[in-house]
2 protein chains.
Amino acid sequence: MKNERQTEESQVEKFARYLQTNGMKFTKERRIILESAFATHRHFEVDDLLFQLRSNNKRVSKATIYRTLPLLVRSGLLREVHDDDKHTHYEHIYGHEHHDHLICLNCGKIIEFGNPIIESLQDEVCKQHEFTPVKHRYEILGYCRECVGKGHP
Amino acid sequence: MKNERQTEESQVEKFARYLQTNGMKFTKERRIILESAFATHRHFEVDDLLFQLRSNNKRVSKATIYRTLPLLVRSGLLREVHDDDKHTHYEHIYGHEHHDHLICLNCGKIIEFGNPIIESLQDEVCKQHEFTPVKHRYEILGYCRECVGKGHP
DNA sequence: TCTGAAATTGAGAAGCAATCGCAAAACAGG
DNA sequence: CCTGTTTTGCGATTGCTTCTCAATTTCAGA
Ligand SMILES: [Mn+2]
Ligand SMILES: [Mn+2]
Ligand SMILES: [Zn+2]
Ligand SMILES: [Zn+2]
(Lines give C-alpha, C1' and ligand atoms only; values in the text may rest on other atoms or scores of the structure.)
(Ligands and ions follow the chains in the order given, each with its own letter.)
Protein backbone atom coordinates (compact mmCIF):
# COMPACT_ATOMS: atom_id res chain seq x y z
CA MET A 1 0.00 0.00 0.00
CA LYS A 2 1.13 3.47 -0.76
CA ASN A 3 2.25 6.10 1.66
CA GLU A 4 -0.86 8.21 1.93
CA ARG A 5 0.86 11.35 3.12
CA GLN A 6 3.48 11.32 0.43
CA THR A 7 0.85 10.69 -2.24
CA GLU A 8 -1.17 13.65 -1.11
CA GLU A 9 1.80 15.94 -1.17
CA SER A 10 2.57 14.82 -4.65
CA GLN A 11 -0.95 15.65 -5.73
CA VAL A 12 -0.62 19.12 -4.33
CA GLU A 13 2.73 19.54 -6.00
CA LYS A 14 1.45 18.33 -9.31
CA PHE A 15 -1.48 20.71 -9.20
CA ALA A 16 0.73 23.59 -8.08
CA ARG A 17 3.11 22.89 -10.94
CA TYR A 18 0.26 22.82 -13.43
CA LEU A 19 -1.12 26.10 -12.17
CA GLN A 20 2.20 27.85 -12.16
CA THR A 21 3.06 26.61 -15.64
CA ASN A 22 -0.14 28.18 -16.88
CA GLY A 23 0.16 31.44 -14.99
CA MET A 24 -2.56 30.55 -12.53
CA LYS A 25 -2.57 30.98 -8.81
CA PHE A 26 -2.78 28.30 -6.17
CA THR A 27 -5.51 29.87 -4.10
CA LYS A 28 -6.87 28.51 -0.86
CA GLU A 29 -10.15 27.68 -2.60
CA ARG A 30 -8.33 25.53 -5.12
CA ARG A 31 -6.46 23.82 -2.36
CA ILE A 32 -9.67 23.13 -0.48
CA ILE A 33 -11.29 21.67 -3.57
CA LEU A 34 -8.25 19.54 -4.32
CA GLU A 35 -8.23 18.15 -0.81
CA SER A 36 -11.93 17.54 -0.90
CA ALA A 37 -11.71 15.72 -4.22
CA PHE A 38 -9.07 13.40 -2.83
CA ALA A 39 -10.75 12.90 0.51
CA THR A 40 -12.92 10.19 -0.99
CA HIS A 41 -11.76 7.17 -2.93
CA ARG A 42 -14.95 6.86 -4.93
CA HIS A 43 -16.42 8.44 -7.97
CA PHE A 44 -17.95 11.76 -7.05
CA GLU A 45 -19.86 14.66 -8.48
CA VAL A 46 -20.03 18.38 -7.81
CA ASP A 47 -22.77 18.10 -5.22
CA ASP A 48 -20.78 15.51 -3.30
CA LEU A 49 -17.98 18.01 -2.91
CA LEU A 50 -20.37 20.78 -1.92
CA PHE A 51 -21.97 18.61 0.71
CA GLN A 52 -18.62 17.51 2.06
CA LEU A 53 -17.29 21.05 2.22
CA ARG A 54 -20.35 22.27 4.08
CA SER A 55 -19.99 19.42 6.56
CA ASN A 56 -16.51 20.70 7.28
CA ASN A 57 -17.52 24.36 7.44
CA LYS A 58 -15.45 25.24 4.44
CA ARG A 59 -16.90 27.81 2.12
CA VAL A 60 -16.27 27.55 -1.57
CA SER A 61 -18.84 28.65 -4.08
CA LYS A 62 -20.40 26.23 -6.50
CA ALA A 63 -19.08 28.33 -9.36
CA THR A 64 -15.53 27.89 -8.16
CA ILE A 65 -15.96 24.15 -7.91
CA TYR A 66 -17.25 24.09 -11.47
CA ARG A 67 -14.26 26.16 -12.48
CA THR A 68 -11.70 24.11 -10.61
CA LEU A 69 -12.63 20.55 -11.51
CA PRO A 70 -11.66 21.03 -15.16
CA LEU A 71 -8.30 22.30 -13.95
CA LEU A 72 -7.83 19.15 -11.93
CA VAL A 73 -8.68 17.16 -15.03
CA ARG A 74 -6.23 19.06 -17.21
CA SER A 75 -3.52 18.74 -14.62
CA GLY A 76 -3.85 14.96 -14.80
CA LEU A 77 -5.24 14.38 -11.33
CA LEU A 78 -8.83 13.53 -12.22
CA ARG A 79 -10.82 12.32 -15.16
CA GLU A 80 -14.45 12.58 -16.04
CA VAL A 81 -16.57 9.45 -15.74
CA HIS A 82 -19.83 9.08 -17.57
CA ASP A 83 -22.23 6.96 -15.60
CA ASP A 84 -25.80 6.66 -16.70
CA ASP A 85 -26.62 9.85 -14.88
CA LYS A 86 -26.81 12.95 -17.01
CA HIS A 87 -24.40 15.01 -14.98
CA THR A 88 -20.66 14.65 -14.82
CA HIS A 89 -18.86 12.42 -12.35
CA TYR A 90 -15.16 12.34 -11.59
CA GLU A 91 -12.58 9.91 -10.32
CA HIS A 92 -8.92 10.02 -9.36
CA ILE A 93 -6.40 8.95 -11.89
CA TYR A 94 -3.21 10.25 -10.35
CA GLY A 95 -1.60 7.34 -8.59
CA HIS A 96 -4.17 4.87 -9.89
CA GLU A 97 -3.90 2.23 -12.58
CA HIS A 98 -5.96 2.92 -15.64
CA HIS A 99 -9.23 1.05 -15.70
CA ASP A 100 -12.67 1.08 -17.25
CA HIS A 101 -16.10 0.34 -15.84
CA LEU A 102 -18.92 -2.14 -15.68
CA ILE A 103 -22.02 -0.25 -14.59
CA CYS A 104 -25.16 -1.90 -13.23
CA LEU A 105 -28.27 -0.45 -14.81
CA ASN A 106 -30.34 -1.40 -11.78
CA CYS A 107 -28.37 -0.59 -8.64
CA GLY A 108 -25.77 1.74 -10.14
CA LYS A 109 -22.89 -0.30 -8.78
CA ILE A 110 -19.61 0.27 -10.59
CA ILE A 111 -17.12 -2.53 -11.11
CA GLU A 112 -13.69 -1.53 -12.31
CA PHE A 113 -11.73 -3.62 -14.77
CA GLY A 114 -8.44 -3.31 -16.55
CA ASN A 115 -7.53 -5.40 -19.55
CA PRO A 116 -4.11 -4.82 -21.10
CA ILE A 117 -4.94 -6.91 -24.15
CA ILE A 118 -7.94 -4.79 -24.97
CA GLU A 119 -5.86 -1.67 -24.47
CA SER A 120 -3.20 -2.85 -26.88
CA LEU A 121 -5.78 -3.91 -29.46
CA GLN A 122 -7.21 -0.47 -29.09
CA ASP A 123 -3.83 1.04 -29.91
CA GLU A 124 -3.69 -1.13 -32.98
CA VAL A 125 -7.11 0.06 -34.11
CA CYS A 126 -5.89 3.64 -33.79
CA LYS A 127 -2.75 2.89 -35.79
CA GLN A 128 -4.77 1.29 -38.55
CA HIS A 129 -6.81 4.45 -38.83
CA GLU A 130 -3.83 6.78 -38.39
CA PHE A 131 -5.57 8.17 -35.36
CA THR A 132 -3.70 9.65 -32.42
CA PRO A 133 -5.55 8.64 -29.27
CA VAL A 134 -5.72 10.92 -26.29
CA LYS A 135 -8.20 9.21 -24.03
CA HIS A 136 -11.16 6.88 -24.21
CA ARG A 137 -14.52 6.21 -22.72
CA TYR A 138 -15.27 2.56 -22.23
CA GLU A 139 -18.26 1.62 -20.16
CA ILE A 140 -20.14 -1.64 -20.28
CA LEU A 141 -23.70 -1.30 -19.06
CA GLY A 142 -25.70 -4.24 -17.82
CA TYR A 143 -26.70 -6.04 -14.63
CA CYS A 144 -24.52 -7.11 -11.75
CA ARG A 145 -24.69 -10.57 -10.21
CA GLU A 146 -26.82 -9.43 -7.27
CA CYS A 147 -29.36 -7.70 -9.45
CA VAL A 148 -29.60 -10.62 -11.85
CA GLY A 149 -30.19 -12.79 -8.79
CA LYS A 150 -33.07 -10.56 -7.82
CA GLY A 151 -34.65 -11.13 -11.21
CA HIS A 152 -33.52 -8.05 -13.04
CA PRO A 153 -33.11 -8.82 -16.73
CA MET B 1 -25.62 -3.34 -51.21
CA LYS B 2 -28.93 -3.73 -49.54
CA ASN B 3 -32.32 -3.17 -51.03
CA GLU B 4 -33.17 0.24 -49.65
CA ARG B 5 -36.90 -0.05 -50.02
CA GLN B 6 -37.16 -3.37 -48.31
CA THR B 7 -34.96 -2.20 -45.45
CA GLU B 8 -37.18 0.79 -44.86
CA GLU B 9 -40.29 -1.27 -44.81
CA SER B 10 -38.70 -3.54 -42.28
CA GLN B 11 -37.89 -0.59 -40.08
CA VAL B 12 -41.48 0.54 -40.20
CA GLU B 13 -42.68 -2.95 -39.41
CA LYS B 14 -40.29 -3.32 -36.52
CA PHE B 15 -41.36 -0.03 -35.02
CA ALA B 16 -45.04 -0.83 -35.58
CA ARG B 17 -44.58 -4.18 -33.87
CA TYR B 18 -42.84 -2.56 -30.92
CA LEU B 19 -45.58 0.01 -30.53
CA GLN B 20 -48.38 -2.52 -30.77
CA THR B 21 -46.71 -4.84 -28.30
CA ASN B 22 -46.65 -2.00 -25.80
CA GLY B 23 -50.14 -0.71 -26.42
CA MET B 24 -48.97 2.38 -28.25
CA LYS B 25 -50.27 3.85 -31.45
CA PHE B 26 -48.43 4.25 -34.70
CA THR B 27 -49.37 7.88 -35.29
CA LYS B 28 -48.46 9.91 -38.33
CA GLU B 29 -46.09 11.98 -36.21
CA ARG B 30 -44.19 8.86 -35.18
CA ARG B 31 -44.06 7.72 -38.77
CA ILE B 32 -42.72 11.08 -39.87
CA ILE B 33 -40.02 11.01 -37.21
CA LEU B 34 -39.05 7.46 -38.09
CA GLU B 35 -38.73 8.35 -41.75
CA SER B 36 -36.79 11.45 -40.94
CA ALA B 37 -34.41 9.57 -38.68
CA PHE B 38 -33.66 7.09 -41.44
CA ALA B 39 -33.45 9.67 -44.21
CA THR B 40 -29.85 10.33 -43.27
CA HIS B 41 -27.08 7.79 -42.91
CA ARG B 42 -25.13 9.82 -40.43
CA HIS B 43 -25.22 10.46 -36.75
CA PHE B 44 -27.85 13.05 -35.97
CA GLU B 45 -29.39 15.02 -33.16
CA VAL B 46 -32.81 16.42 -32.37
CA ASP B 47 -32.18 19.72 -34.10
CA ASP B 48 -31.11 17.93 -37.27
CA LEU B 49 -34.48 16.25 -37.42
CA LEU B 50 -36.31 19.48 -36.71
CA PHE B 51 -34.45 21.27 -39.47
CA GLN B 52 -35.05 18.46 -41.92
CA LEU B 53 -38.75 18.29 -41.10
CA ARG B 54 -39.16 22.02 -41.59
CA SER B 55 -37.40 21.81 -44.93
CA ASN B 56 -40.01 19.30 -45.99
CA ASN B 57 -42.93 21.24 -44.58
CA LYS B 58 -43.73 18.57 -42.05
CA ARG B 59 -44.88 19.73 -38.65
CA VAL B 60 -43.96 17.77 -35.56
CA SER B 61 -43.31 19.45 -32.26
CA LYS B 62 -39.96 19.30 -30.58
CA ALA B 63 -41.58 17.64 -27.59
CA THR B 64 -42.85 14.82 -29.73
CA ILE B 65 -39.43 14.28 -31.22
CA TYR B 66 -37.98 14.11 -27.73
CA ARG B 67 -40.69 11.63 -26.82
CA THR B 68 -40.29 9.48 -29.90
CA LEU B 69 -36.54 9.04 -30.14
CA PRO B 70 -36.39 6.96 -26.95
CA LEU B 71 -39.07 4.75 -28.45
CA LEU B 72 -36.94 4.23 -31.52
CA VAL B 73 -34.07 3.32 -29.24
CA ARG B 74 -36.12 0.85 -27.23
CA SER B 75 -37.49 -0.72 -30.37
CA GLY B 76 -33.95 -1.50 -31.48
CA LEU B 77 -33.78 0.86 -34.44
CA LEU B 78 -31.47 3.51 -33.02
CA ARG B 79 -28.90 3.92 -30.33
CA GLU B 80 -27.58 6.91 -28.52
CA VAL B 81 -24.08 8.09 -29.37
CA HIS B 82 -22.09 10.28 -27.03
CA ASP B 83 -19.81 12.57 -28.95
CA ASP B 84 -17.98 15.30 -27.18
CA ASP B 85 -21.00 17.54 -27.50
CA LYS B 86 -23.15 17.84 -24.44
CA HIS B 87 -26.40 16.86 -26.09
CA THR B 88 -27.46 13.45 -27.28
CA HIS B 89 -26.76 12.14 -30.76
CA TYR B 90 -28.24 9.08 -32.41
CA GLU B 91 -27.33 6.61 -35.08
CA HIS B 92 -29.03 3.72 -36.84
CA ILE B 93 -28.34 0.27 -35.59
CA TYR B 94 -31.06 -1.71 -37.32
CA GLY B 95 -29.52 -3.27 -40.38
CA HIS B 96 -26.03 -2.09 -39.45
CA GLU B 97 -23.07 -3.99 -38.09
CA HIS B 98 -22.14 -3.08 -34.54
CA HIS B 99 -19.25 -0.66 -34.35
CA ASP B 100 -17.63 1.85 -32.05
CA HIS B 101 -16.08 5.24 -32.69
CA LEU B 102 -12.87 7.17 -33.00
CA ILE B 103 -13.71 10.83 -32.50
CA CYS B 104 -11.43 13.70 -33.49
CA LEU B 105 -11.20 16.29 -30.75
CA ASN B 106 -10.35 18.99 -33.26
CA CYS B 107 -12.60 18.60 -36.29
CA GLY B 108 -15.26 16.33 -34.80
CA LYS B 109 -14.84 13.70 -37.49
CA ILE B 110 -16.07 10.26 -36.52
CA ILE B 111 -14.35 7.12 -37.72
CA GLU B 112 -16.21 3.87 -37.16
CA PHE B 113 -14.40 0.69 -36.22
CA GLY B 114 -15.44 -2.82 -35.37
CA ASN B 115 -13.12 -5.27 -33.68
CA PRO B 116 -14.49 -8.75 -32.97
CA ILE B 117 -11.53 -9.66 -30.80
CA ILE B 118 -12.12 -6.73 -28.50
CA GLU B 119 -15.80 -7.59 -28.36
CA SER B 120 -15.08 -11.14 -27.31
CA LEU B 121 -12.53 -10.09 -24.73
CA GLN B 122 -15.19 -7.77 -23.43
CA ASP B 123 -17.55 -10.69 -23.02
CA GLU B 124 -14.86 -12.50 -21.10
CA VAL B 125 -14.38 -9.55 -18.77
CA CYS B 126 -18.11 -9.60 -18.07
CA LYS B 127 -18.07 -13.32 -17.37
CA GLN B 128 -15.19 -12.94 -14.96
CA HIS B 129 -17.20 -10.39 -13.01
CA GLU B 130 -20.49 -12.30 -13.34
CA PHE B 131 -21.87 -9.27 -15.09
CA THR B 132 -24.65 -9.47 -17.67
CA PRO B 133 -23.88 -6.94 -20.37
CA VAL B 134 -26.63 -5.10 -22.18
CA LYS B 135 -24.77 -2.50 -24.17
CA HIS B 136 -21.58 -0.55 -24.09
CA ARG B 137 -20.13 2.82 -24.82
CA TYR B 138 -16.72 2.74 -26.38
CA GLU B 139 -15.32 5.91 -27.80
CA ILE B 140 -11.69 6.71 -28.39
CA LEU B 141 -11.01 10.43 -28.44
CA GLY B 142 -7.97 11.91 -30.10
CA TYR B 143 -6.82 13.48 -33.34
CA CYS B 144 -7.39 12.31 -36.89
CA ARG B 145 -4.64 12.13 -39.48
CA GLU B 146 -5.63 15.39 -41.15
CA CYS B 147 -5.71 17.33 -37.89
CA VAL B 148 -2.37 15.92 -36.77
CA GLY B 149 -1.02 16.99 -40.14
CA LYS B 150 -2.20 20.49 -39.45
CA GLY B 151 -0.22 20.55 -36.23
CA HIS B 152 -2.91 19.64 -33.74
CA PRO B 153 -1.41 17.75 -30.83
C1' DT C 1 6.86 44.93 4.10
C1' DC C 2 4.28 47.52 0.75
C1' DT C 3 2.14 48.12 -3.89
C1' DG C 4 -0.46 47.30 -7.82
C1' DA C 5 -1.48 44.73 -11.97
C1' DA C 6 -3.50 40.52 -12.87
C1' DA C 7 -6.05 36.63 -11.50
C1' DT C 8 -9.82 34.83 -8.84
C1' DT C 9 -13.99 34.58 -6.29
C1' DG C 10 -19.01 34.67 -5.09
C1' DA C 11 -23.67 35.42 -6.09
C1' DG C 12 -26.95 35.46 -9.08
C1' DA C 13 -28.38 35.66 -13.88
C1' DA C 14 -28.33 33.32 -18.05
C1' DG C 15 -28.01 29.39 -21.26
C1' DC C 16 -29.60 25.21 -22.87
C1' DA C 17 -30.98 20.41 -23.48
C1' DA C 18 -34.45 17.82 -21.83
C1' DT C 19 -38.80 17.01 -19.37
C1' DC C 20 -43.41 17.98 -17.75
C1' DG C 21 -48.44 19.43 -17.24
C1' DC C 22 -52.50 19.87 -19.27
C1' DA C 23 -56.18 20.96 -22.50
C1' DA C 24 -57.29 19.87 -27.19
C1' DA C 25 -56.91 16.51 -30.84
C1' DA C 26 -56.42 12.00 -32.78
C1' DC C 27 -57.15 7.26 -32.59
C1' DA C 28 -59.29 2.55 -32.53
C1' DG C 29 -62.77 -0.66 -31.38
C1' DG C 30 -67.45 -1.47 -31.16
C1' DC D 1 -70.91 7.72 -34.94
C1' DC D 2 -69.60 7.13 -29.67
C1' DT D 3 -66.40 6.56 -26.10
C1' DG D 4 -62.38 5.59 -23.46
C1' DT D 5 -57.52 5.90 -24.23
C1' DT D 6 -53.44 7.66 -26.12
C1' DT D 7 -51.00 11.35 -28.15
C1' DT D 8 -49.88 15.93 -29.39
C1' DG D 9 -48.42 20.78 -28.99
C1' DC D 10 -47.35 24.51 -26.41
C1' DG D 11 -45.44 26.80 -22.85
C1' DA D 12 -43.57 26.44 -18.49
C1' DT D 13 -40.21 24.15 -15.79
C1' DT D 14 -36.27 21.59 -14.34
C1' DG D 15 -31.45 20.78 -13.45
C1' DC D 16 -26.80 21.14 -14.67
C1' DT D 17 -23.45 24.15 -16.20
C1' DT D 18 -21.57 28.49 -17.72
C1' DC D 19 -21.29 33.35 -17.63
C1' DT D 20 -21.07 38.29 -15.84
C1' DC D 21 -19.00 41.55 -13.16
C1' DA D 22 -17.93 44.03 -8.98
C1' DA D 23 -15.25 43.06 -5.03
C1' DT D 24 -11.40 40.52 -3.21
C1' DT D 25 -7.13 38.05 -3.20
C1' DT D 26 -2.68 36.90 -4.77
C1' DC D 27 2.21 37.41 -5.49
C1' DA D 28 6.17 39.33 -7.98
C1' DG D 29 8.80 43.13 -7.61
C1' DA D 30 9.99 47.58 -5.45
MN1 LIG E 1 -13.26 4.07 -11.44
MN1 LIG F 1 -21.57 5.25 -36.05
ZN1 LIG G 1 -26.78 -4.13 -9.60
ZN1 LIG H 1 -9.81 15.89 -37.11
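Any value given below was found using the heavy atoms of this structure, including those in side chains, with hydrogens, waters and symmetry copies removed. None of these values were measured; they are calculated from a predicted model. Quick note on labels: first sequence line is chain A, next is B, and so on, each numbered from 1.
For B:I65, the side chain to side chain contact (heavy atoms under 4.5 Å, CB included) test picks out B:I33, B:V46, B:L49, B:L50, B:L53, B:V60, B:L69, with sequence neighbours left out. Take A:N106 and apply the side-chain hydrogen bond (donor to acceptor under 3.5 Å, both in side chains) test, not counting sequence neighbours, and it matches A:H152. With sequence neighbours left out, the ring pair (Phe, Tyr, Trp, His ring centres under 6.0 Å) criterion links A:Y18 to no other residue. Residues satisfying the side-chain hydrogen bond (donor to acceptor under 3.5 Å, both in side chains) test with B:E146, not counting sequence neighbours, are B:K109. In this structure, the side-chain hydrogen bond (donor to acceptor under 3.5 Å, both in side chains) partners of B:H43, at least two apart in sequence or on a different chain, are B:E91, B:H101, B:E112. A search for side-chain hydrogen bond (donor to acceptor under 3.5 Å, both in side chains) contacts involving A:T64 returns A:S61, not counting sequence neighbours.
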Return a table of donor-acceptor pairs under 3.5 angstrom between the side chains of residues 19-31 of chain A and protein atoms on other chains or two or more places apart.
unit_1	atom_1	unit_2	atom_2	d
A:T21	OG1	A:R17	O	2.7
A:T27	OG1	A:R30	N	3.2
A:R30	NH1	A:K25	O	2.6

Under 3.5 Å donor-acceptor pairs involving side-chain atoms of residues 121-128 of chain B, not counting sequence neighbours:
unit_1	atom_1	unit_2	atom_2	d
B:Q122	OE1	A:Y138	OH	2.5
B:Q122	NE2	B:H136	ND1	3.0

Task: Sugar-phosphate or base contact per nucleotide [nucleotides 21-30 of chain D; S, B, -; heavy atom under 4.0 Å] - done: -----BS---
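The shortest side-chain heavy-atom distance between B:E139 and B:H82 falls under the 4.5 Å cut-off.
Residues B:H92 and B:Q11 bring no donor and acceptor atom of their side chains to less than 3.5 Å of each other.
The separation between B:R31 atom CZ and C:dA26 atom C1' is 15 Å, rounded to whole Å. D:dC10 atom C1' lies 14 Å from atom CG of B:L50, rounded to whole Å. When the C1' atom of C:dA28 is taken as reference, atom CG of B:L19 falls 14 Å away, rounded to whole Å. Rounded to whole angstrom, the span from the CZ atom of B:R30 across to the P atom of C:dA25 amounts to 19 Å. Protein atom CD of A:E45 is 13 Å distant from nucleotide atom C1' of D:dT17, rounded to whole Å.
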- [ ] Test side-chain contact (heavy atoms from CB on, under 4.5 Å) on A:K14 and A:L77 and set out the steps.
- [x] CA-CA 8 Å; A:K14 190 174 170 80; A:L77 293 175; 3.8 Å; yes
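In this structure, CG in A:L71 is found 11.0 Å from CG in A:L34, a value given to the nearest 0.5 Å. Here the straight-line distance linking atom CG of B:L102 with atom NE2 of B:H99 works out to 10.5 Å at 0.5 Å rounding.
Neither OP1 nor OP2 of D:dT18 sits under 4.0 Å from any side-chain N or O of A:Y66.
Near DNA chain C, meaning a heavy atom under 4.0 Å away, the residues from residues 83-90 of chain B are B:H87, B:T88. Within a heavy-atom distance below 4.0 Å of DNA chain C, the residues of residues 51-63 of chain A found are A:R59, A:V60, A:S61, A:A63.
The end-to-end axis angle of the helix from C:dT1-D:dA30 to C:dG30-D:dC1, rounded to 10 degrees and based on five pairs per end, is 30°.
Nearest-nucleotide mapping onto DNA chain C: of B:D47 and A:I65, the residue sitting toward the 5' end is A:I65.
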